[in-house]
There are 4 protein chains.
Amino acid sequence: MTHSSPAELSLDLATLILKAATEKAGSLGVQVNIAVVDAGPNLKGFIRMDEALLGAIDVALKKARTACLFEMETGGIGDLSQPGGPLYNIEHSNGGLISFPGGVPLRSADGAIVGAIGVSGSTVEMDRAVALAGAAASAPGP
Amino acid sequence: MTHSSPAELSLDLATLILKAATEKAGSLGVQVNIAVVDAGPNLKGFIRMDEALLGAIDVALKKARTACLFEMETGGIGDLSQPGGPLYNIEHSNGGLISFPGGVPLRSADGAIVGAIGVSGSTVEMDRAVALAGAAASAPGP
Amino acid sequence: MTHSSPAELSLDLATLILKAATEKAGSLGVQVNIAVVDAGPNLKGFIRMDEALLGAIDVALKKARTACLFEMETGGIGDLSQPGGPLYNIEHSNGGLISFPGGVPLRSADGAIVGAIGVSGSTVEMDRAVALAGAAASAPGP
Amino acid sequence: MTHSSPAELSLDLATLILKAATEKAGSLGVQVNIAVVDAGPNLKGFIRMDEALLGAIDVALKKARTACLFEMETGGIGDLSQPGGPLYNIEHSNGGLISFPGGVPLRSADGAIVGAIGVSGSTVEMDRAVALAGAAASAPGP
């Protein structure tokens with residue numbers, strides 16, 4: 001999959017993604033950290049909702065990086081990195097990966113990766129739901 | 001100086017600070033990275049304006065952390081960390097400090113430190129002007 | 001096993017190894033990162049094929065280092081590092097090891113270790129096949 | 001300055017750049033490490049010439065990253081990071097910068113940054129000459 005230019009993830013788009021994710025978190029009644037990276041992957045935007053766990057700041061950042069670096073949801077890495085699995089302990093690479101759900105690639109309308117969003121602070125199911133809501137804002141359907 | 005609770009820097013306030021700083025950057029015609037940390041200092045909010053230097057992401061984050069950790073503007077550390085100075089090479093501590101201007105403590109109306117803002121991407125004078133504009137939004141005067 | 005001098009893995013040989021590995025990847029239709037280290041183990045050569053995963057850059061580098069440091073294929077470490085195994089979580093050492101297949105020692109004609117090759121970006125089976133093709137170029141048989 | 005897509009620095013181009021740099025080093029009679037990164041900046045290609053200093057491997061990698069992250073030659077950073085200078089000790093950011101000559105941005109014909117080259121192992125003047133020779137191969141003039 002071709003990566004798009006880091007410049008293609010504008011601050012306007014990142015702000016839209018953060019807003020969509022925050023609203024989803026609000027509707028679910030959870031407090032989370034939300035990170036958005038470009039295709040680099042380099043940090044583009046971040047917010048910590050009030051009362052979100054401090055330990056989840058870095059987890060959100062690493063989820064976003066992981067999803068971008070491997071062009072898949074973080075949970076997909078975790079499926080492969082379990083004991084006995086083909087990518088066991090891959091989390092030691094790239095300065096630390098997070099391989100449970102909550103990181104989702106951001107794609108443009110043509111499918112190119114423009115970055116990723118990482119969410120952490122609630123259950124992994126909730127985190128993933130918030131991340132997906134953010135990702136949906138990056139490539140509006142027809 | 002007493003540190004406030006990390007909870008005291010609300011997302012609403014952080015958003016207000018980021019907005020004030022971004023508007024200042026826009027009025028100056030510069031593209032910068034802007035980081036806001038709480039009194040922890042833990043990351044609360046971050047934005048990278050379009051075309052801001054990638055290398056300045058980490059510099060902005062470290063300026064914010066440095067200003068909070070030492071309860072002073074980052075340039076004040078730089079005055080002390082020069083060769084022959086009393087804090088020579090203190091930049092090696094805390095996982096890396098940035099000691100030139102652009103990091104400014106955030107204070108509540110009673111003077112307590114509630115966090116810090118770090119700005120990087122332009123000249124240090126411009127970066128500092130943007131950071132001060134953000135910091136001014138954290139403690140509205142009479 | 002005696003380590004050879006770092007000088008013994010010439011750039012000519014490293015280039016030959018990278019070429020053999022790249023051709024194998026091409027024939028398999030996969031895009032991978034390929035790293036070659038000497039007996040130090042210090043980086044000697046590296047290429048990222050177009051569209052190879054960004055996250056696999058560091059994995060390839062760590063596979064090469066791991067195979068050299070432990071004088072065996074990386075998958076052999078993984079057999080021992082599983083939960084309950086004798087080297088459980090050895091991946092925490094040496095700044096991060098990778099213990100699944102794709103890292104292969106390079107040996108001279110007399111069996112001495114002259115370095116290692118690490119490949120990442122496809123499945124571990126494919127990565128290993130590419131690495132073995134590269135390693136075969138380092139010690140031509142009769 | 002807009003960064004181009006990491007995908008835009010093809011392996012073919014990176015190989016051309018490495019070849020031009022290596023030939024320049026050969027003509028100067030120096031042994032160096034040469035690193036090429038994309039606009040990410042993520043490693044794209046690397047070679048260590050025979051007898052190049054081991055300690056210069058990481059320096060070459062960091063020069064390439066630094067030149068890309070700050071969109072200028074590494075020596076330009078060093079002019080600003082001296083004691084008393086506006087960016088004193090900025091080298092502590094981004095996991096370690098190198099701010100003396102030998103890192104040069106790579107630009108496409110339209111001036112967009114597509115990555116950077118870093119060279120280390122000889123004098124900084126020689127390193128820079130080699131890097132410039134590599135960079136010239138990335139945007140052939142009329």
Side-chain angles (χ1 to χ4, degrees), chain B residues 30-33 35 48-67 69-70 73-103 118-129, chain D residues 1-6 8-9 37-44 61-100 103-107 110-118:
Chain B
V30 296
Q31 287 78 38
V32 293
N33 299 274
R48 169 157 50 99
M49 294 173 72
D50 296 331
E51 309 201 16
L53 284 173
L54 295 181
I57 298 170
D58 189 53
V59 176
L61 293 166
K62 283 185 164 54
K63 281 182 180 176
R65 291 191 75 246
T66 300
L69 287 167
F70 291 91
E73 283 200 41
T74 46
I77 301 286
D79 291 339
L80 304 170
S81 68
Q82 300 295 318
L87 304 185
Y88 175 55
N89 266 352
I90 191 173
E91 293 85 355
H92 286 273
S93 69
N94 293 283
L97 299 176
I98 292 292
S99 60
F100 47 82
V119 176
S120 182
S122 183
T123 64
V124 293
E125 291 80 10
M126 292 286 202
D127 289 346
R128 179 170 181 260
Chain D
M1 179 58 64
T2 302
H3 274 245
S4 292
S5 160
E8 289 184 21
L9 182 68
V37 298
D38 66 20
N42 299 296
L43 189 61
K44 185 70 184 179
L61 293 166
K62 283 186 165 54
K63 282 183 180 176
R65 290 192 75 247
T66 300
C68 182
L69 287 168
F70 291 92
E71 305 183 4
M72 68 172 73
E73 282 200 40
T74 47
I77 301 286
D79 290 339
L80 303 169
S81 67
Q82 299 297 316
L87 304 184
Y88 174 57
N89 265 353
I90 192 173
E91 294 84 354
H92 288 272
S93 70
N94 293 284
L97 300 175
I98 292 294
S99 60
F100 47 82
V104 176
L106 301 173
R107 295 179 187 274
D110 65 357
I113 289 193
V114 296
I117 181 172

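Atom set for the values below is all heavy atoms of this structure, side chains included, hydrogens, waters and symmetry mates excluded. Nothing here was measured: the structure is a model prediction, and the numbers come from that model.
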Distance (rounded to the nearest 0.5 Å) between [X] [atom1] and [Y] [atom2]:
{"X": "D:L69", "Y": "B:I57", "atom1": "CG", "atom2": "CD1", "result": "8.0 Å"}
{"X": "B:L53", "Y": "D:C68", "atom1": "CG", "atom2": "SG", "result": "10.0 Å"}
{"X": "B:K62", "Y": "D:N94", "atom1": "NZ", "atom2": "CG", "result": "7.0 Å"}

(request) May I ask you to name which of B:L61, B:N89, B:L97, B:T123 has the most heavy-atom pairs under 4.5 Å with chain D? (result) B:N89

(request) Give the minimum heavy-atom separation between D:Y88 and B:F100, together with the two atoms involved. (result) O-CD2, 3.5 Å

(request) Compare all side-chain heavy atoms of B:I98 with those of D:L87 and state whether any distance is below 4.5 angstrom. (result) no

(message) At under 4.5 Å between heavy atoms, what parts of residues 73-83 of chain D are in contact with chain B? List them by residue number.
(response) D:P83

